[in-house]
Amino acid sequence: MNPSENADDSRPGVSRRSVLGGGAAVAVAVPLLVTGAGAEAAPVAEVASADLVPIKVEVNGKPVSVRVDPRTTLLDTLREELELTGTKKGCDRGQCGACTVHVDGRRVLSCLTLAATVDEREVTTIEGLARGDRLHPMQQAFIERDGLQCGFCTPGQIMSAVGMVHEGHANSDDEIRERMSGNICRCSCYPFIVDAIRDAQKVMR
Amino acid sequence: MTGQILPGARSDGSAWSVGAVGGAVAPGCGSSGGVRCVGGGVGGIGASPVRPDGALKVRGEFAFSSDLWADDMLWGATLRSPHPSATIRGIDVGAALAVPGVYAVLTADDVPGDRHYGLEVADQPVLAVDEVCYRGEPVAIVAADHPETARRAAERIVVDYGVREPVTDPEVALAGGRLVRHVPIRKGDPAAVAEVVVTGEYRVGMQDQAFLGPESGLAVPAPDGGVELYVATQWLHADQRQVAAALGLPVELVRLSLAGVGGAFGAREDLSMQVHASLLALRTGRPVKMVYGREESFVGHVHRHPAILRYEHGATRDGELVYVRARILLDGGAYTSTTPAVVANAASLGVGPYRVPNVTVDAYGVHTNNPPCGAMRGFGAVQACFGYESQMDRLAEAVGLDPVEVRVRNALAEGGSMPTGQVVEGPAPVARLLELVRDRPAPPPVGDDPRQLPGGVANTTAPEQVVRGVGYAIGIKNVCFSEGFDDHATARVRLELIGGEPTALVHTAAAEVGQGLVTVQAQIARTELGVERVVVATADTSVGSAGSSSASRQTYMTGGAVRAACRAVRAALLARLAGGSGAGADDGGVADDGGAVGDGGVVGDGGTVGDGGGRVAGGGLELAGGVIRDAAGRTLGTLVDLLAAGPVERSVRWRHRPTRPLDPVTGQGDAHVQYAFAAHRATVDVDPELGLVRVVEIATAQDVGRAINPQAVLGQIQGGTAQGLGLALMEELQVVDGVIRNPSFTDYLIPTILDVPPMAVDVLELADPHAPYGLRGVGEPPTISATPAIVAAIRAATGLPLARVPVRPEHLTGTG
């Protein structure tokens, strides 16, 4: 049962990144954001084909042009097209918060956001938070307060926390808990997460 | 809500605590200043250095198993059974094969080696063989150049099922002879009588580990005909053994490396996609990645055993236990997994940490057509604790005693005897832990801020509707593997100059699953070798097995192995010094550890190595801070000088002291290595009209023997307690006729940051003389007693009997 004859091995330029995201393809790679990325034009899987939509988006401060399947989520586009795997897929249904990113400065669930809707907008992911070696105060506080164990929810927690502080609603532990309740941590580092956010919001002010 | 530490609050200096409010941290926490290190140097044991993987994790650069890729990789997908029980009359894969982009479609006929696998018993099919025994059982796998292509192709596989009536009631299964294991415990007089008798039947629902990082990994075919597998797991070598057997390959051709683990909690002890991805990779000659979605994850791993527990407690009018009789029935689901060990835990720990002269316990695990159950944090001890602690509250009421008092009156203590006849060696501060949580200040009374009320900001609860309750519970857990299992861990430690600075490289196969094991390994190396710079290598199978990151055992076992290997390195260094030349004093300094899979070059067990260090240092030589001094404190040499002759490397396979099997008739035997204890006090507010519960505060007291990393200890206590809260109030896989009805985070609820209350923690450090540094396993005990403490608090508030967890709103309103 090994139908390698069914597979089209002859296609040129198959990108290692071409296989996800409902068939999105990076058509124009304005300097790609990640090292070692062999971003090339890629074929679209037959069963997932659809008319591609070109979008221009600023990701972590850098302009990116990409053609996406209109059904593709921002999460899959980030992870599989732009190789920004720091944003996590925990449920793909908007139930866990692990995929939280910022669009135009507001926190959104990238798994419930179609990539086509962020055209001409700014997206910030966990990879765009630090300034070189200098961590964002929220990242630093999560390390120092040990606001993580396995770390899978951490990018979403941090993006959500930064967004909440910018919203101006991190003024008490109760407020922090209320407004972080969309981000699940199964290791239940919640007490340390509150500690970290309380520390960081003082620095961020 | 870590709080102000109260250093020196206990007269013996062996305890510390954090309050439920405030902003201070545990002793030794933080990366700078004030670290408390026994062996000298910054960041040794007893300190709380930051996680070496912390920066990567907060930057989003830590590579979890679902983040992996390889050039030319394909994607795997799994076709699963829609029926809990059916024969397979035929499988037609033609339509799937015809889908463009599909490279392979495999069924059981394509499994070249053993078609079945399992941790204890190889009874679970790699792919269904002629029948399916639970809904979600893998039937066929597909590799394609796109994950959506693979999924859609899998849907085109036609399976001809002969649907059977599933067995989903564990009582029916037991009566029908589908027994996996029966563990009887017999102690004292089986016909003992007592003045006061309380009975009860309790039920525990099916809890799920629900880690956030789904099952995933990448299999890469190797030029030698083998496979390289990068996977999130708890036990690399157990995976290796099972994968190799299924592939029909020698183990050395199946090489595993640990990919980033997004939580585990027991669910990664059994295989999931490991064999499937490897099969597809070997068949296609291409790397194959598999990632489960959330729904697939819920059916793709084992769960906590649901339980039915019947208890009868007999006591004097003064509340002293005379006997306990219990029958515990655990639903193991379709395949064996770790059910035998879970049954043994439920039986041997079945009366709790109490002195009971007469015990009759029968614990059973059975096969049904429900989803398979296996390891989850607490492992059999969780279910039993809900039963025996509910009983202790009934007993307290029956004899008119305070719940804490009745427990203290029966508390196990050092030198006491378990129902198995095993004498509890070392500290067993059961009474003290209970008194610690009891003596905590009570949380403030209910206010009128809606955020503080059971209904939350939905503003459904008026303050005058709220009733408050307080409940207590204590639990007991075995640490490490039991019943005579040959439990060991291997560590390889290499000390060398890198950039002129002494650097220790620690290499084990132990799985970091978030508990902080890589931090602890580095701390131990710093303490033992007096160096600051430590690199912990990625765990893989090129070093000997570390055993599983389960049973609260890994700091004990791999920590013990790292300590032993460090001491072997130290002994070799000191021998090099004694040789005078500083070079060649000991076979060139690099131990032959045999490399690959085996444990060649084993230096000895922990004791031997420790003695070896002592022998060389017997003249009073001491290694600290990179300097070797004699007894008079004179400097004899430095690490830098000694290492100039070359690196020193030692590999040690380390064991805990042996255990014994339980007698199959009487259940007597020294089956466990170490016991660990935690107690909880829960305070809840209940809106009885709407059936809403808000946990106001949880106080925990736990003896950890020695806190190797106090911050990580707190993290384990908080996290474990929260998972116990989940079982008490919300977490249950609802299985109807063998079908999981709620495989999503919308319908399977796990605690959010709003559900987890402030936690006050008291930590005792009463050394276990048998354990490395005196430490006691930490991860599981807080999960065990949190559940019954919360339910006891709800009972206290409402007066309802509440014999089942999770407690749902309809149980409180009387509408369900």
Side-chain angles (χ1 to χ4, degrees), chain A residues 1-4 6-8 14 16-17 19-20 22-23 45-48 85-93 95-96 98 125-127 130 135 139 142-146 148-155 158 173-174 177-178 180-181 183-195 198, chain B residues 1-2 23 30-31 50 54-55 57-62 64 66-67 69 71-73 75 93 97 99-106 110 145-149 152 210-213 261-263 283 293-294 451 457 513-515 711 715 718-719 722-723 744-746 750-754 756 759:
Chain A
M1 299 187 195
N2 186 8
S4 56
N6 284 332
D8 184 359
V14 173
R16 61 182 166 78
R17 313 303 306 174
V19 289
L20 256 186
E46 183 266 336
V47 293
T85 56
T87 304
K88 300 305 176 198
K89 185 185 283 190
C91 68
D92 216 22
R93 297 288 186 277
Q95 301 157 348
C96 76
T125 71
I126 189 70
E127 291 94 339
L135 294 176
Q139 293 172 311
F142 267 70
I143 291 181
E144 289 179 359
R145 288 297 195 158
D146 210 23
L148 62 129
Q149 286 178 27
C150 82
F152 195 86
C153 74
T154 306
I158 289 174
D173 288 1
D174 282 337
R177 278 198 293 265
E178 194 69 44
M180 287 296 292
S181 60
N183 289 81
I184 291 173
C185 172
R186 183 50 162 167
C187 305
S188 290
C189 298
Y190 297 129
F192 290 163
I193 289 173
V194 175
D195 290 345
R198 192 194 308 116
Chain B
M1 311 339 64
T2 54
S31 54
V50 300
K57 286 180 173 176
V58 302
R59 297 177 71 106
E61 293 171 358
F62 185 80
F64 288 92
S66 50
D67 300 332
W69 57 265
D71 287 324
D72 283 337
M73 73 182 183
W75 291 83
V93 302
L97 284 171
V99 174
V102 169
Y103 281 69
V105 181
L106 307 182
D110 300 296
D145 60 5
H146 189 290
E148 196 57 32
T149 306
R152 294 181 188 195
F211 46 59
L212 278 200
V261 181
R283 178 61 72 99
R294 179 52 52 191
R451 291 177 302 195
V457 292
V513 297
Q515 80 278 51
Q711 178 98 336
Q718 292 167 349
Q723 291 186 355
S744 78
F745 287 146
T746 296
I750 62 180
T752 71
I753 198 167
L754 273 177
V756 174
M759 296 190 194

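Scope of the values below: all heavy atoms of this structure, side chains included, with no hydrogens, waters or symmetry mates. Each chain gets a letter, A, B and so on, in the order its sequence line appears, and its residues count up from 1.
- Distance check, rounded to the nearest 0.5 Å: CZ of B:R59 to CG of A:L135 gives 5.5 Å.
- In this structure, A:C96 and B:F745 approach most closely via the heavy-atom pair CB-CD1, 4.0 Å.
- Ranking B:A722, B:G60, B:G293, B:A55 against chain A, the residue ahead of the rest is B:G60, based on heavy-atom pairs under 4.5 Å.
- Contacts between A:C91 and chain B at a heavy-atom distance below 4.5 Å involve backbone atoms as well as side-chain atoms.
- No side-chain heavy atom of B:S66 sits less than 4.5 Å from a side-chain heavy atom of A:K89.
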Original post:
Between A:E178 and B:L754, is a side-chain contact (heavy atoms from CB on, under 4.5 Å) present by the stated rule, with each step listed?
Top reply: CA-CA 6 Å; A:E178 194 69 44; B:L754 273 177; 3.7 Å; yes
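- Nearest heavy atoms, B:Q711 versus A:D146: NE2-CB, 3.2 Å.
- With chain B as the partner, the residue from A:S181, A:G86, A:P155 showing the most heavy-atom pairs under 4.5 Å is A:S181.
- Here the closest heavy-atom approach between residue B:K57 and residue A:Q149 is recorded as NZ-O, 3.0 Å.
- Here the NZ-CG distance, from A:K88 to B:D67, works out to 3.0 Å after rounding to the nearest 0.5 Å.
- For the pair A:R186 and B:F211, the tightest heavy-atom approach, listed with the atom from each and the gap, is CG-CA, 4.1 Å.
- Nearest approach of B:I750 to A:I184, heavy atoms of both residues: CD1-CG2, 3.2 Å.
- When B:E61, B:Q515, B:Q723 are compared by the number of non-hydrogen pairs under 4.5 Å with chain A, B:Q723 comes out ahead.
- Of the possible polar contacts, none joining the B:Q718 side chain to the A:Y190 backbone as a donor-acceptor pair under 3.5 Å is found.
- In this structure, OG in A:S188 is found 10.0 Å from CD1 in B:I753, a value given to the nearest 0.5 Å.
- The greatest number of non-hydrogen atom pairs below 4.5 Å with chain B, out of A:I193, A:N183, A:I126, is found for A:I126.
- Of the listed residues (A:G151, A:G90, A:C150, A:C153), the one with the most heavy-atom contacts under 4.5 Å to chain B is A:C150.
- Atom CZ of B:R451 sits in a crowded spot, with more than 12 heavy atoms from other residues, nucleotides or ligands closer than 6.0 Å.
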